[in-house]
Structure formats: C-alpha cells, structure tokens
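In what follows, chains are A, B, ... by sequence order, proteins preceding strands, each numbered from 1. Note: hydrogens, waters and symmetry copies are ignored here, and every other heavy atom, side chains too, is used.
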Amino acid sequence: MFDNFVDEMKWRGFFEQCTDEEGLRKLLAEEKVTGYIGFDPTADSLHVGSLLPIMGLVHLQKYGHRPVGIVGGATAMVGDPSGKSELRQMLTLEKIEENLDGIRQQLSHHIDFGEDAGLMLNNADWLKDYGYIEFLRDVGRFFSVNQMLSRDSVKSRMVKGLSFIEFNYMILQAYDFMVLNRDHGCRLQMGGNDQWGNICSGIDLCRRFNQSRVFGLTFPLLTTATGAKMGKTADGAVWLDPARTSPYDFYQYWVNVDDRDVSRFLRLYTLLGRQEIEELEKMQGADIREAKKALAREVTSQVHGQEEADKAVQAAAALFSDSADTSSVPSSQRPAADFEGDGLSLLEALVDSGLMKSKGEARRMIRQNAVRVEGELISEEMFSITSDLIADGKVALQVGKRRHHHIRIS
RNA sequence: GGGGGGGUUCCCGAGUGGUCAAAGGGAACAGACUGUAAAUCUGUCGGCAAUAGCCUACGGAGGUUCAAAUCCUCCCCCCCCCA
C-alpha cells in the first residue's frame with residue numbers, strides 16, 4: 001500500500017498545502033516525528049468537522065510517529081478569527097474545563113496516548129499564567145504587525161471588524177507551536193487550510209526562538225458536493241458524542257451522503273485500505289449505496305465502536321431492507337394503558353418521540369401526507385393510536401421516507 | 001471625544017405607524033420522481049388551539065398612540081470617517 005505518511009495523505013486527499021514537502025518527507029523518513037493539531041474546546045464534544053484532523057493524527061501515529069492533540073484551553077478564551085465572519089462568543093473558564101474533558105475523552109478513542117505513543121496537552125498550562133508584560137517582551141517582539149495584517153485570516157475580517165483579542169490569536173497559536181517544539185520536540189503542525197497563516201507564524205517563531213526548523217501541513221476545507229458545510233443536518237451539527245447524536249443518526253448521516261462525496265469520504269474518513277476503497281469506488285448507480293454503507297459502517301465503528309455500528313446497521317436493515325429484527329431501531333417506551341380507550345394522540349406521540357419539534361409541525365406533516373403509523377398513511381390530524389394497532393409489542397411511526405421511531409409497549 | 005451608518009424570524013436581507021408572524025433569497029423539512037443519492041417540479045417553514053382566535057418575536061429598558069419592527073427617551077453592541 002503506502003510506505004510513508006506523505007504519500008498516503010496525498011492519496012487520501014488530506015494534502016492541501018505543505019510548507020516544505022521534500023523537507024518533511026526527509027524528516028519523516030529519518031526519525032520519529034512529533035506532530036500536533038489543535039482542537040478548540042468550544043463545546044464538550046467534537047463534531048464531524050473535527051474528524052478530519054483527528055484522522056490526520058491517526059495516520060501519523062500509524063506510521064510510527066507521535067501525534068499530539070492540543071486542546072486550546074487558553075486560546076478558546078480568545079477566539080480564532082480564521083475563517084469566521086463574526087466575533088466568537090467567549091467562554092467561561094469552567095465551561096472550557098468541562099469541554100476539555102469531553103474532547104480529551106473523544107480523542108482518546110482514536111489515538112493511543114499511552115507511554116511515548118502520543119500526547120494530549122492543554123495550552124492553558126503554559127499560557128494561562130503568563131504575564132502580559134513578559135509575554136510582550138518575550139514573544140511579541142518577534143511579530144511584525146505589517147505581516148500580521150497581511151494574513152488572509154486578518155484581511156478577511158477587516159470589513160466586519162476584528163477585536164484586538166482575536167487579532168492576538170495567531171501569536172498565541174504560534175507560541176504553542178514554539179513551546180511544543182522546545183519542550184516536546186514537535187516538528188510538525190497540521191490543521192485545516194484556514195490555519196495556514198497561523199501555522200506559518202508558528203514556524204517563524206520556532207526558527208527565531210529555538211533556531212529549529214519545523215513544518216506545516218494543511219488539510220482541505222471540506223464542503224459537501226452540494227456546497228454545504230460538512231457535518232450539518234436539520235438539527236445542527238453531527239456530533240461525535242452519542243448523547244448528542246445517536247450512533248443510529250450518525251450512521252444515517254453517512255449513509256445519506258451525496259453520491260459524489262462517497263469516494264472522497266471513504267479516503268478521508270475511513271481506515272480502509274487502498275485496494276478496498278478502490279473497489280468501492282468502482283460502484284455505479286444504485287450500487288453506490290453499498291459503498292455508502294461501507295463508509296457509514298466504518299466511520300460509525302471508528303467513532304462509536306463495533307457494537308454500536310452493528311446495531312445501526314441492523315436498524316437500517318430493519319427499516320430499509322427486509323430484515324425483521326427491529327430491536328435496534330430508535331425507540332421509546334410507553335405503558336399499554338396509554339393506548340386503551342381513546343388511545344394516544346398521534347400528535348403527542350410524534351412530538352415526544354422526538355420525530356417532530358412541535359404539534360404544529362406534526363400537524364403540517366400529517367397534512368402533507370408524510371406520516372405513517374405501522375406503514376399506513378395517516379391523513380387525519382386528530383388520529384389516535386389505539387391498542388389494536390400494536391404489533392409485536394410496538395407501534396412503528398414514520399415521518400417521510402427516512403425518519404423512523406418505534407414506541408415499545410411496556 | 002465628534003460626525004455618519006447599522007443591530008429584523010436558522011442565515012442573508014426587505015420593511016419606516018395599522019393590510020406584519022413580517023417581502024425576497026438561501027438552508028431545512030415534506031410530496032411527486034428515485035436508489036435511504038442528485039437534479040427537477042410542488043408544498044411547508046414561531047408556539048398553542050379543530051376553526052375563530054390567543055400568545056411570543058424585529059438589540060435592551062421605558063414612553064407616545066385606539067394601534068409600533070416602524071415615532072420619542074435612555075442604555076448596550078457593531079461598522080465607517082475625523083480627533
């Protein structure tokens with residue numbers, strides 16, 4: 001398959017820009033390289049957007065190098081202007097601490113942080129108590145405002161406005177790189193292409209501070225074939241935390257990707273080998289669904305584990321194929337008594353199953369012929385689910401083609 | 001500090017006293033068509049209520065008015081120019 005990191009990254013489509021490809025190749029061939037990526041603790045979970053950098057670290061580790069995940073406990077208090085159009089909300093210290101824990105845990109699903117294998121660090125450790133004056137004297141003197149102003153990340157914000165605190169972000173990130181280089185021998189920083197400017201600043205700082213030659217590699221900023229941001233659905237982001245996005249929904253997200261995205265995503269988000277992926281890429285027409293299933297199964301398994309992935313596959317088979325095993329379909333419990341007499345209002349059932357956000361929405365959906373109970377199209381808004389509809393100890397609700405929920409009778 | 005321009009529903013953006021739950025676009029959801037895909041066409045798109053209607057919403061707090069997103073006062077935030 002591949003015998004080095006760079007070739008594989010290129011083939012997989014991770015390679016957007018590199019500060020010195022030849023130099024990096026040489027370095028990676030000669031020694032165990034420590035490379036890092038920063039993650040912002042803006043929430044207590046990462047989402048699909050962060051999966052790309054995570055995979056970057058995974059591949060790095062696969063080739064025997066040492067990945068470092070940095071959570072930006074300190075920088076989160078500042079807010080990165082790169083690629084954002086507006087001032088980011090600032091977070092409280094406690095919130096950031098909370099978020100850090102969540103992210104740390106998630107990263108450890110993918111990366112081995114044991115012994116000398118990998119590292120997980122919080123930049124608050126070296127930034128939080130740094131005094132303003134000292135920092136200016138030690139670090140600030142290496143930065144040229146002229147150069148900072150010429151960075152795209154700053155330029156693009158000149159119209160909307162950029163606060164001074166955000167303007168400092170690149171200095172802090174550069175400083176992170178310098179510290180990692182000095183204290184942990186880190187020679188490589190990776191990140192989304194919007195980080196290019198920040199990474200370059202860090203490289204400069206490492207040279208000036210540590211007389212050390214370091215490298216930067218950026219990944220493409222992904223959008224889906226329809227131009228949407230990666231990992232967005234009706235309900236917002238697709239999270240890695242199963243409490244926020246269930247493994248079932250997570251699996252569904254990948255099964256439903258656009259045909260045109262399948263190949264790219266297989267390469268970027270799965271660890272499947274080249275041969276296997278190239279086989280899947282040959283699929284045409286409706287068969288592409290098989291490739292999507294492979295994609296969904298792989299990614300779900302990486303993020304939520306084999307067992308959850310199997311359940312998601314099983315649920316999908318029950319709902320969309322012929323399998324009779326419905327045990328893994330998303331469901332909730334209801335006592336049998338709810339269905340006696342007049343039965344349970346369908347509107348209510350739709351709302352508290354989570355299929356609909358409000359009764360008004362539920363009404364509209366019924367009017368639009370989108371709702372089915374046990375496979376039967378319902379056109380009566382005031383429909384009640386009565387006990388005679390219970391089959392196999394459950395009632396199957398369906399909205400549209402792909403949203404399903406079973407009410408189990410307890 | 002002075003002058004000017006702004007803050008509208010998920011996003012962009014119209015709206016300057018009633019006809020505004022608010023044009024238009026995007027996103028999203030649903031229907032038809034399909035392959036749990038795309039494209040296309042159609043519909044929906046604040047909450048509660050069977051209808052009537054009621055409530056919440058146009059940066060915040062007050063006020064004028066029968067009636068305010070629209071007028072007045074104070075406050076907060078953003079952008080631009082000058083100092």
Side-chain angles (χ1 to χ4, degrees), chain A residues 79 81 83-90 154-167 223-238 248-266 280-281 283-297 299-300 312-323 326 328-330 342 345-348 350-352 354-372 375 377-384 396-405:
Chain A
K84 299 194 180 56
S85 51
E86 279 170 48
L87 183 72
R88 179 156 76 195
Q89 229 186 343
M90 286 196 257
V154 172
K155 265 199 283 191
S156 64
R157 284 289 297 273
M158 290 317 255
V159 178
K160 269 268 178 184
L162 175 69
S163 72
F164 182 67
I165 191 172
E166 288 180 291
F167 183 59
T223 50
T224 63
T226 46
K229 246 191 174 171
M230 217 20 228
K232 290 283 185 186
T233 62
D235 307 314
V238 178
Y248 171 81
D249 288 329
F250 188 85
Y251 177 87
Q252 286 297 318
Y253 174 78
W254 294 100
V255 164
N256 281 304
V257 298
D258 192 293
D259 283 8
R260 294 165 289 178
D261 289 326
V262 178
S263 152
R264 228 163 31 125
F265 289 179
L266 279 166
L280 292 167
E281 286 170 343
M283 307 259 187
Q284 291 295 321
D287 289 342
I288 293 177
R289 270 180 309 160
E290 292 312 312
K292 290 182 188 179
K293 284 182 191 168
L295 169 68
R297 196 184 332 109
V299 183
T300 307
V313 170
Q314 197 178 79
L319 296 172
F320 300 105
S321 304
D322 301 321
S323 161
T326 61
S328 300
V329 173
D342 291 342
S345 134
L346 175 58
L347 294 177
E348 203 175 304
L350 287 169
V351 172
D352 69 43
L355 285 170
M356 308 271 65
K357 283 205 270 307
S358 69
K359 288 189 187 173
E361 189 184 6
R363 276 176 213 283
R364 271 181 246 126
M365 286 298 115
I366 293 173
R367 264 183 238 137
Q368 293 185 70
N369 288 331
V371 177
R372 284 165 196 274
L377 186 66
I378 304 296
S379 49
E380 172 53 55
E381 289 179 29
M382 290 291 101
F383 187 85
S384 268
L397 301 181
Q398 179 179 357
V399 176
K401 216 170 356 182
R402 351 175 194 171
R403 292 142 82 190
H404 295 265
H405 185 92

Atom P, compared across B:C55 and B:U44: separation rounded to whole Å: 26 Å
Nearest-Å distance for atom pair CD1/C1', residues A:Ile366 and B:G43: 16 Å
Interatomic distance at C1', B:U65 relative to B:A50, whole Å: 36 Å
Residue pair A:Ile366 / A:Leu347, side-chain heavy-atom distance below 4.5 Å: yes
Donor-acceptor under 3.5 Å (A:Asp287 side chain, A:Met283 main chain): no
Donor-acceptor under 3.5 Å (A:Gln284 side chain, A:Ala286 main chain): no
If you restrict it to nitrogen or oxygen atoms, what contacts under 3.5 Å exist between nucleotides 44-49 of chain B and the protein, and what is each distance?
{"from": "B:G47", "atom 1": "OP1", "to": "A:Ser358", "atom 2": "OG", "distance (Å)": "2.9"}
{"from": "B:G47", "atom 1": "OP2", "to": "A:Arg364", "atom 2": "NH2", "distance (Å)": "2.7"}
{"from": "B:C48", "atom 1": "OP1", "to": "A:Lys359", "atom 2": "N", "distance (Å)": "3.0"}
{"from": "B:C48", "atom 1": "OP2", "to": "A:Gly360", "atom 2": "N", "distance (Å)": "2.9"}
{"from": "B:A49", "atom 1": "OP1", "to": "A:Lys359", "atom 2": "NZ", "distance (Å)": "3.3"}
{"from": "B:A49", "atom 1": "OP2", "to": "A:Arg363", "atom 2": "NH2", "distance (Å)": "3.4"}

Sugar-phosphate only, base, or nothing, as touched by A:Glu381 at under 4.0 Å among non-hydrogen atoms: nothing
Contact summary for A:Phe250 and A:Thr300, nearest pair of heavy atoms: CD2-OG1, 3.6 Å
For B:U34, the Watson-Crick or wobble counterpart (both distances under 3.5 Å): none
Distance, C1' atom - from B:C58 to B:G7, rounded to whole angstrom: 10 Å
Check: A:Arg403 side chain, A:Leu355 main-chain N or O, donor-acceptor pair, under 3.5 Å: yes
Closest to the A:Ala286 side chain, choosing from B:C33, B:G35, B:A38: B:G35
Pairing partner (Watson-Crick or G-U wobble, both distances under 3.5 angstrom) of B:A57: none
Whichever of A:Val371 and A:Gln252 has its nearest RNA chain B nucleotide further upstream toward 5': A:Val371
For B:A14, the Watson-Crick or wobble partner whose two distances fall under 3.5 Å: none
Separation of atom CD1 in A:Ile288 from atom P in B:A37, rounded to whole Å: 13 Å
B:G26 versus B:C77 - spacing of their P atoms, nearest Å: 36 Å
A:Ser358 side chain vs A:Glu361 backbone, donor-acceptor pair below 3.5 Å: yes
B:G15 and B:C41, which share atom name P, separated by this distance in whole Å: 28 Å
Atom pair distance, as rounded to whole Å: CD in A:Gln284 and C1' in B:A38: 14 Å
Ring centre gap for A:His404 and A:Tyr248 strictly below 6.0 Å: no
A:Lys293 with A:Glu290: basic N within carboxylate O range, under 4.0 Å: yes
Distance between C1' atoms of B:A30 and B:G17 (Å, rounded): 38 Å
Separation of atom OH in A:Tyr253 from atom P in B:A28, rounded to whole Å: 11 Å
For B:G1, the Watson-Crick or wobble counterpart (both distances under 3.5 Å): B:C82
Pair of N/O donor and acceptor under 3.5 Å linking B:U36 base with A:Lys293 side chain: no
Base-pairing assignment for B:C45 (Watson-Crick or G-U wobble, both under 3.5 Å): none
Rounded distance in Å - CG (A:Asn369) to C1' (B:G43): 11 Å
Heavy-atom side-chain contact between A:Asp259 and A:Lys292 under 4.5 Å: yes
d(CE, A:Met356; C1', B:C29) in whole Å: 8 Å
Rounded distance in Å - CG (A:Asp258) to C1' (B:G35): 13 Å
Partner nucleotide, any strand, of B:U64 [Watson-Crick/G-U, under 3.5 Å]: none
Atom-pair distance (CG on A:Asp259; P on B:U34), nearest Å: 16 Å
Nearest-Å distance once atom C1' is located in both B:G60 and B:U51: 38 Å
Atom C1', compared across B:U36 and B:G47: separation rounded to whole Å: 31 Å
Phosphate OP1/OP2 of B:U36 contacted by A:Arg289 side-chain N/O (<4.0 Å): yes
A:Asn256 vs A:Arg372, nearer the 5' end of RNA chain B by closest nucleotide: A:Arg372
